[in-house]
Amino acid sequence: MTVFSAVLLALSGCVMMTGDAPAEYKETRLYYGTYVTIRCLYGEGTPISGIIARCWDEAGRIQTAMDVRSASGDVGRINASGGLGVRVGSGVYGLLKDSIEFSRLTGGAFDVTVYPLVEVWRTAARDNRLPDKAVLEEAKSKIGYQYVHLGGDNTVTLRKSGMKIDLGAIAKGYAVDRIARILSAGGIENFLVDAGGDIFCRGKNSSGSDWNVGIRDPIKAGGLIGSIRISGAAVTTSGDYERFYRIDGERFSHILNPATGYPGRTVISATVIAKTAEEADALATALCALEGEEGIRLTEKIDDVEAMVIEKADGELRMLTTEGFPDIKRKQ
Ligand code: AMP
Ligand code: MG
């Protein structure tokens, strides 16, 4: 673990910074309540419009299946199942399977069954009143990834009364990986896909360099603390810079610690580099629920994953990274 000097910086996400290039497709659309950007370089004869259409179709399909507020989507149907088995698409089924693995790996800091707690904090923000302890305890009692049963035939059963799942902490990363796969299958070798800070890139940018991914400044809206060069990898930043609950003038992270029932308080931003955007997304969320050093220790044990967290302790900001985290090119 490397501890950088205590700087008054806090995080907020990842922003792409690349130069312009010919034969580059770049488009941003709104999905998952955020901006999804596909950027790629393509050669002559590439059936680019068909490939891109498949990418956006997939983004839309994933949005419907995984939207917790859509009654007809797979997640909505699971949450309305009242303990009965529900047959879902292979996308949601596979992602639930992976989610349970990430829950195990993070000791429950990432928990796909956190939704009852999300509802409590959403209501608290609406009413501008901190939740009662009893209400938090009740919500906590409905959480437990161990009680999600995955049966044959893509059937999902929630085995605790009142349980609800939420794939919001992993679905964007999954979508990025799916889009990346469609681009690769179409023969596109140089691309970057970004879903609100969940990024996967491959090959080179239009200047012939690895992709330059900016790491947002969590304190200064729209600012960057620096950037890293990556290729053939995913990078995700989670934090309370964009989405948070405001109660009684105080700001609370939208990432909740399932063990305490409260929003994560120490880590204000976590950036994770991994082989897939799905893994980076799940782990970045988990690191925001944990204490900084705890999260870095956990990440050091996982192969092919690097992380950086910014934590706030005693009014000071501290940046912690795993040994292998790449150099951050500081903003001048
Ligand atoms: P992300 O932006 O990827 O960090 O995901 C945050 C979203 O995941 C929140 O808005 C919740 O819907 C959900 N969430 C909050 N806390 C957790 C947690 N500990 N584990 C899994 N999902 C969570
Ligand atoms: Mg996440």
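Whatever order the structure lists them in is the order used to number ligands and atoms, beginning at 1.
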Determine, for Glu316 against Lys312, whether the closest basic-nitrogen to carboxylate-oxygen distance falls under 4.0 angstrom.
no
Between Arg229 and Asp210, does any side-chain N to carboxylate O distance fall below 4.0 Å?
no
Can the ring centres of Phe191 and Trp211 be said to be less than 6.0 Å apart?
no
Taking only heavy atoms of Ile255 into account, list the atoms of ligand 1 that are under 4.0 Å away from them.
4 (O), 15 (C), 16 (N)
Lys/Arg-Asp/Glu bridge criterion (N-O < 4.0 Å) met for Arg178, Glu278
no
Hits for salt bridge (charged side-chain N to carboxylate O under 4.0 Å, His left out) against Arg129, two or more places apart or cross-chain, chain-then-number order -> Asp132
I need the nearest protein heavy-atom contact for atom 2 (O) of ligand 1: residue, atom name and distance, please.
His254 NE2, 3.4 Å
Of the backbone atoms (N, CA, C, O) and the side-chain heavy atoms from C-beta on, which set of Ser238 has a member under 4.0 Å from an atom of ligand 1: side chain, backbone, both, or neither?
side chain
Under 4.0 Å from a heavy atom of Phe110: which atoms of ligand 1 are those, numbered in the order shown and with their elements?
20 (N), 21 (C)
Check: Asp67 side chain, Arg69 main-chain N or O, donor-acceptor pair, under 3.5 Å:
yes
Establish, yes or no, whether the cationic atom of Lys160 lies under 6.0 Å from the six-membered ring centre of Tyr147 and within 45° of the ring axis.
yes
Show the atoms of ligand 1 that are less than 4.0 angstrom away from any heavy atom in Asp166.
11 (C), 12 (O), 13 (C)
Plane angle bin for Trp56 and Tyr31 - parallel if under 30°, tilted between 30 and 60°, otherwise perpendicular
parallel
Does at least one non-hydrogen atom of Cys288 fall below 4.0 angstrom from an atom of ligand 1?
no
Total protein N, O or S atoms, the Mg ion (ligand 2), separation less than 2.8 Å
4
Just one of Val75, Leu95, Ile78, Asp153 clears the side-chain contact (heavy atoms from CB on, under 4.5 Å) bar with Val88, so which one?
Ile78
Between Ser253, Ala109, Ala169, which one has a non-hydrogen atom sitting closest to atom 18 (C) of ligand 1?
Ala109
NZ/NE/NH1/NH2 to OD/OE distance under 4.0 Å, Lys164 and Glu119:
yes
For Glu311 and Arg318, indicate whether the former's side chain and the latter's backbone hold a donor-acceptor pair under 3.5 Å.
no
What residue and heavy atom of the protein are closest to atom 10 (O) of ligand 1, and at what distance?
Arg243 NH2, 2.7 Å
Looking at ligand 1, is there an atom of it that comes within less than 4.0 Å of some heavy atom belonging to Pro258?
yes
Heavy atoms only: which of Leu256, Thr285, Ile143 lies closest to atom 16 (N) of ligand 1?
Leu256
Kindly confirm or rule out an N or O of Lys172 lying under 3.5 angstrom from an N or O of ligand 1.
no
Tell me whether Asn257 contacts the main-chain N or O of Gly261 through its side chain, where contact means a donor paired with an acceptor under 3.5 Å.
no
Do me a favour and list the nearest non-hydrogen protein atom to atom 21 (C) of ligand 1 with residue, atom name and distance?
Asp111 O, 3.2 Å
Contact atoms of ligand 1, heavy-atom distance to Val114 under 4.0 Å
14 (N), 17 (C), 22 (N), 23 (C)
